[in-house]
Amino acid sequence: RCVALYALGSEVVRVTNVRITHIGGPTTLIEFAGWRILTDPTFDPAGKRYFFGWGTTSRKTVGPSMSPDELGEIDAVLVSHHHHGDNLDPAGRALLPSWGITVTTMKAAEHLGGDSVGLKPWSITQLEHPNKPTITITATPCRHGPPGMDPITGPVVGFALSWAGQQNGALWVTGDTVLYPGLREVPRRIDIGSIVLHLGAVRFAYLTGPFRYTMDARESVELLELVDPAEVVPVHYEGWTHFKQGRDAAEPVLSASRFADR
């Protein structure tokens with residue numbers, strides 16, 4: 001079971017033989033077997049407003065709990081999508097060249113260049129190092145909003161990480177997505193042991209009404225019933241004004257589920 005610790009303002013969760021530090025929003029530092037992998041880097045300070053297209057905006061309300069200088073060496077970065085500032089902000093983008101390989105969508109790899117590897121859903125790449133276990137990364141499908149919005153919201157992927165000696169199954173970072181058939185397909189194809197859930201129930205009420213662009217806690221419990229993971233790490237629920245379901249609202253729903261102790 002995971003054990004929550006608190007240090008330097010970051011929430012640190014030990015997931016079997018993996019250490020996950022939640023830095024803020026979707027940004028986590030994943031450490032295991034000598035590997036240090038960063039997800040969706042957002043290191044701008046609080047206060048900035050971000051534009052997501054079609055008139056949608058959001059303001060950052062909470063800064064990162066760690067600075068880039070505190071991170072140390074990074075082997076790879078997983079960027080679920082590059083075109084929204086709450087998943088890759090200017091500070092994070094500027095630092096990508098110093099953080100080794102970036103694994104992301106096909107479109108993002110074209111825009112980011114450098115050591116970027118673009119993946120389509122269900123495609124695979126590997127991270128290799130002579131002194132560390134090889135990591136197989138499978139891109140998992142996402143739909144970042146209601147049906148038919150893909151041309152507007154743009155491509156997004158999640159990431160399932162597998163390596164030799166792994167306990168309980170793959171580590172899955174869902175990426176920004178709602179619950180839909182493509183997401184339900186993931187546990188049918190991949191044995192998932194641990195899951196990093198992107199929540200937040202993102203909405204832009206004045207422009208897109210009740211439509212959500214990420215899962216809420218209720219949807220996440222429905223997904224967990226399909227996955228039945230050993231450990232669950234919720235992220236992407238605080239720090240921006242377009243996140244409409246924070247920890248205070250999501251935690252009771254998760255705590256009432258059969259996954260409360262996970």
Side-chain angles (χ1 to χ4, degrees), residues 1-33 35-42 62 64-66 71 76-80 86-87 135 137-138 140 142 156-163 166-177 179 183 186-187 190-202 214-239 243 245-262:
R1 302 305 183 197
C2 53
V3 180
L5 308 173
Y6 294 87
L8 300 175
S10 304
E11 184 170 355
V12 180
V13 180
R14 299 186 186 278
V15 178
T16 56
N17 59 345
V18 179
R19 174 186 171 100
I20 298 176
T21 303
H22 185 203
I23 297 171
T27 308
T28 67
L29 175 62
I30 301 173
E31 300 172 89
F32 61 91
W35 287 103
R36 306 185 81 249
I37 298 173
L38 194 64
T39 70
D40 284 338
T42 55
V62 179
S65 61
M66 296 175 65
L71 287 178
V77 184
L78 308 179
V79 178
S80 62
D86 61 321
N87 291 82
I135 303 172
I137 301 176
T138 303
T140 58
C142 294
V156 183
V157 293
F159 306 96
L161 281 61
S162 303
W163 60 90
Q166 189 173 40
Q167 300 179 26
N168 298 325
L171 169 61
W172 181 24
V173 182
T174 65
D176 284 11
T177 183
L179 183 60
L183 200 66
V186 176
I190 302 173
D191 178 23
I192 303 296
S194 305
I195 181 170
V196 178
L197 277 170
H198 284 218
L199 301 180
V202 166
T214 61
M215 286 185 286
D216 62 10
R218 178 192 57 79
E219 274 190 324
S220 75
V221 170
E222 189 175 342
L223 178 64
L224 294 177
E225 289 290 348
L226 301 175
V227 177
D228 196 20
E231 293 100 3
V232 183
V233 183
V235 300
H236 195 272
Y237 53 76
E238 46 72 40
F243 293 1
Q245 186 182 63
R247 180 170 183 155
D248 288 347
E251 198 163 42
V253 179
L254 292 167
S255 295
S257 75
R258 70 182 182 93
F259 305 98
D261 64 342
R262 307 187 195 184

- Nearest heavy-atom approach of M215 to L179 is CG-N, 3.8 Å
- One should read off an interatomic distance between W172 CH2 and S162 OG, to the nearest 0.5 angstrom, of 12.5 Å
- Note on the structure: Across all chains, not counting sequence neighbours, the salt bridge (Lys or Arg N to Asp or Glu O under 4.0 Å) partners of D228 are R258, R262
- Task: Examine distances only and state if a side-chain atom of R36 and a backbone atom of L71 form a donor-acceptor pair shorter than 3.5 Å.
- Result: yes
- Query: Only one of L224, D261, L254 clears side chain to side chain contact (heavy atoms under 4.5 Å, CB included) with V232; which?
  - Reply: L224
- Message: I'd like to know if the side chain of T39 and the backbone of P26 have a donor-acceptor N/O pair within less than 3.5 Å.
- Response: yes
- Do side-chain atoms of S220 reach the backbone of A217 as a donor and acceptor pair under 3.5 angstrom? yes
- For the atom pair CD1 (I190) and CG (L171), what is the distance rounded to the nearest 0.5 Å? 11.5 Å
- Task: Only counting residues at least two apart or in another chain, list the ones meeting ring-ring contact (aromatic ring centres under 6.0 Å, His included) with F259.
- Result: none
- Separation between CG of D40 and CG of L78, rounded to the nearest 0.5 Å: 8.0 Å
- Item | Exam field: side chain T214 to backbone L199, donor-acceptor pair closer than 3.5 Å | yes
- Item | From CA spacing to verdict: side chain to side chain contact (heavy atoms under 4.5 Å, CB included), I135, F32 | CA-CA 11 Å; I135 303 172; F32 61 91; 3.4 Å; yes
- Evaluate side chain to side chain contact (heavy atoms under 4.5 Å, CB included) for E231 paired with N168, printing each intermediate quantity in order. CA-CA 9 Å; E231 293 100 3; N168 298 325; 3.8 Å; yes
- Message: Given I23, which partner from the list V235, T28, L29 fulfils the side chain to side chain contact (heavy atoms under 4.5 Å, CB included) test?
- Response: L29
- When rounded to the nearest 0.5 Å, the distance separating OG of S80 from NE2 of H198 is 6.0 Å
- Interatomic spacing from CG in L183 to CD in E222 - rounded to 0.5 Å: 10.5 Å
- Task: Let me see the working for N87 and D176 under side chain to side chain contact (heavy atoms under 4.5 Å, CB included), right down to the final yes or no.
- Result: CA-CA 9 Å; N87 291 82; D176 284 11; 2.9 Å; yes
- Can you sort out the partners of T177 under side-chain hydrogen bond (donor to acceptor under 3.5 Å, both in side chains), two or more places apart, ordered by chain and number? none
- Note on the structure: Sorted by chain and residue number, the side-chain hydrogen bond (donor to acceptor under 3.5 Å, both in side chains) partners of Q166 (sequence neighbours excluded) come out as none
- Message: Looking at every non-hydrogen atom in both residues, tell me the closest pair between F243 and D86 and how far apart they are.
- Response: CE1-OD2, 3.5 Å
- Query: If you round to the nearest 0.5 Å, how far is CD1 of I37 from CG of L161?
  - Reply: 5.0 Å
- Message: Please enumerate all residues that pass side-chain contact (heavy atoms from CB on, under 4.5 Å) together with E238, with sequence neighbours excluded.
- Response: H22, V62
- Quick one: side-chain hydrogen bond (donor to acceptor under 3.5 Å, both in side chains) partners of T27, sequence neighbours excluded? T42
- Query: At their closest point, which heavy atom of T140 faces which heavy atom of V186, and how far apart are they?
  - Reply: CB-CG2, 3.9 Å
